[in-house]
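Below: one structure, written as structure tokens.
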Amino acid sequence: MCGIVGYIGNNDSKEILLKGLEKLEYRGYDSAGIAVKNENGIHVFKAKGRIADLRGIVNENVMAEIGIGHTRWATHGVPSMVNSHPHQSESGRFTLVHNGVIENYDLLKREYLADVRFESETDTEVIVQLVDKFAHEGFETLEAFRNTLKLLHGSYALALLDAEDNETIYVAKNKSPLLVGLGDGFNVVASDAMAMLQVTNQYVELMDKEIVIVAKDEVTIQNLAGETINRTPYTAELDASDIEKGTYPHYMLKEIDEQPAVLRKIIQAYQNDQGQLKIEEEIISAVKAADRIYIIAAGTSYHAGLVGKQFIENLAKVPVEVHISSEFGYNMPLLSERPLFIFISQSGETADSRAVLVQVKEMGYPALTITNVPGSTLSREADYTLLLHAGPEIAVASTKAYTAQLAVLGILAEVTAKSRGLEVSFDLIHELGLAANAMEVLCDSKEIIEVMAREFLSVTRNCFFIGRGIDFYVGLEGALKLKEISYIQAEGFAGGELKHGTIALIEEGTPVIALATQESVNLSIRGNVKEVVARGANPCIISMNGLNMDEDSFVIPEVHELLTPLISVIPLQLLAYYAALHRDCDVDKPRNLAKSVTVE
Ligand code: AGP
């Protein structure tokens, strides 16, 4: 979370920084700021709220060819002007932006900076004050920066300006994402290539504990020992239109609509010349060598993992456990003899998942990352990667990445099954193709779902999602979508579990959204609906064609029973979208959240 940018070149930096921050706003939007430097010194502009608020207070008349910027997701200290970045050292010489968390900031404050007056409550300010302290002791800026980094425990992506140096942005990274972008007569810094696509598509990846000296004509990467590191730049394969909303009112709606195309792209990407599904041999060997798979993920990706377990156990017959990443590291279960870890993460940057990856790599176990972002931290640090091919997902609420995760997990399960000589009783390519068609039908049903959102969700405080088996897992995802963007308290439950406590919460009119896409539990989930209706609930049954009954509110097209989650989630995504819209919520940037959760 938090996004950082930097620019050094021959043009005025303000607009480049502001545009970059707008592209990074998905990473946090509590407050924002930029610092630009010219012959008159460093000028800092900060605003609580969105980048649009920051734009409103930036002085147009200040021209500066070097600058850094930040959009914040608060960790230490409330969102406020004083806690927003950039932060400056007491003397005013150094100015810094930071993404990450410095775990030992309090200790450093007491040990090294007892006589320094701090302005903010942030952990970040310790860094900039330490650099100043070392500079004051006689160290050159680079050395002062290096000395500081050696004291930090935690995660950081940093960009630093020195008021006495017009030629350099000092940059460093550990655990938090950061890239340097290369231009002709200028260079840039960004948390994500998307931010600076406006000026370059050439980027250099940075590794943990590296320092970069960014000048307008030169970029020098060093390790903490001061040794120079050579790294070949890469071209960011992103199309600027991928990150625009186009005619859509919200990214979330655009991304919901992109799902059929993404699914078709995945079918293509994972197919060989003979028209069969393929996955690199070494990945399949790793899956086959495992006696148990541990899926580690958070949020929506965790929900995809729960469905993925069904795919892998059903088709490939390998036992699977699914764990929430923030729990796993502290409460590790007894592991099997030959585990394989699968990390599912849209962003590939989720700190909770990364912490587990570091642990299991230290233990010597193989790891596969399923991610949407090539070159992301989880992708780089795992042994193997499978890509989602979903294109940038900008809305905080994950939609197309979820269905892409399901598709890739299904393909992994099928290819493993076949490679183990197991029979797969259906043609997955064909069934995924039908699922893509069904997705299209659902994306064309927006008007009906908007009416349903009004009917069931316009005045309620809470809402329950129920299902059995695979429908239960989709219900968990439906509830997460609804609560995160509409702020309606929503929970997913196994249909049979309600009567063991939760049914006490059902009141007159409480909406209960029930999924009925599985033949084996169709009657029992409908029995659970009757139980809540008898207690006053307002039921909304979403069933699959062939299993539908008169009382159902919405019927999804028929697809293979195992693949229903790819389809049944779409009306739930749209219900959440319209419920949020009807309540005037900020659909793409819900309160308190950020797209990429890079703090533990
Ligand atoms: C879902 O809508 C979320 N915004 C969130 O739960 C997300 O899925 C979670 O933070 C994990 O992110 P990742 O997939 O990038 O690891």
Side-chain angles (χ1 to χ4, degrees), residues 1 25-29 73 175-177 191-192 194 250-253 255-256 259 295-308 322-329 341-357 367-379 381-382 385-388 390-406 408-409 465 473-474 476-487 490 492 569-570 572-577 579-580 585-600:
M1 8 236 338
E25 213 172 19
Y26 72 92
R27 302 181 67 88
Y29 33 82
W73 187 87
K175 298 188 194 170
S176 298
S191 300
D192 183 324
M194 275 196 288
H250 298 100
Y251 281 107
M252 183 180 176
L253 197 62
E255 289 159 6
I256 289 174
Q259 291 177 106
I295 293 181
I296 310 291
T300 289
S301 298
Y302 168 72
H303 296 155
L306 293 171
V307 177
V322 190
H323 292 270
I324 293 173
S325 49
S326 57
E327 283 296 305
F328 188 88
F341 285 83
I342 299 184
F343 293 84
I344 307 179
S345 174
Q346 186 285 130
S347 62
E349 299 295 346
T350 299
D352 290 325
S353 301
R354 199 231 177 195
V356 180
L357 176 58
L368 159 69
T369 289
I370 299 180
T371 183
N372 200 25
V373 185
S376 56
T377 307
L378 284 167
S379 166
E381 295 182 357
T385 296
L386 289 175
L387 291 176
L388 297 178
E393 192 182 64
I394 314 275
V396 165
S398 185
T399 53
K400 62 176 178 173
Y402 172 78
T403 43
Q405 286 163 344
L406 299 190
V408 171
L409 283 160
F465 288 75
Y473 303 137
V474 179
L476 294 176
E477 174 58 11
L480 177 60
K481 282 295 85 88
L482 183 63
K483 72 182 127 184
E484 76 178 319
I485 61 169
S486 75
Y487 319 140
V569 75
I570 293 179
L572 306 189
Q573 295 168 345
L574 286 167
L575 273 174
Y577 174 79
C585 299
D586 187 339
V587 172
D588 284 340
K589 298 191 185 87
R591 70 183 179 209
N592 304 340
L593 292 173
K595 181 71 180 163
S596 177
V597 186
T598 54
V599 294
E600 279 179 52

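This chain uses plain numbering: 1 for the first residue, then up along the sequence. Numbering of ligands and ligand atoms starts at 1, following listing order.
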Would you say the ring centroid of F328 lies under 6.0 angstrom from that of F341?
yes
Would you check if there is a donor-acceptor pair between the side chains of [Y] and [X] at a distance under 3.5 Å?
X: T300; Y: E477; answer: yes
X: E349; Y: T377; answer: yes
X: Y26; Y: D192; answer: yes

For ligand 1, the residues whose heavy atoms come within less than 4.0 Å (ordered by chain, then number):
A298, G299, T300, S301, S345, Q346, S347, T350, V396, A397, S398, L480, K481, E484, V597
Got Q259 and Q573 here, is their nearest side-chain heavy-atom distance under 4.5 Å?
yes
Are the side chains of K595 and K589 in touch, meaning some heavy atoms are under 4.5 Å apart?
no
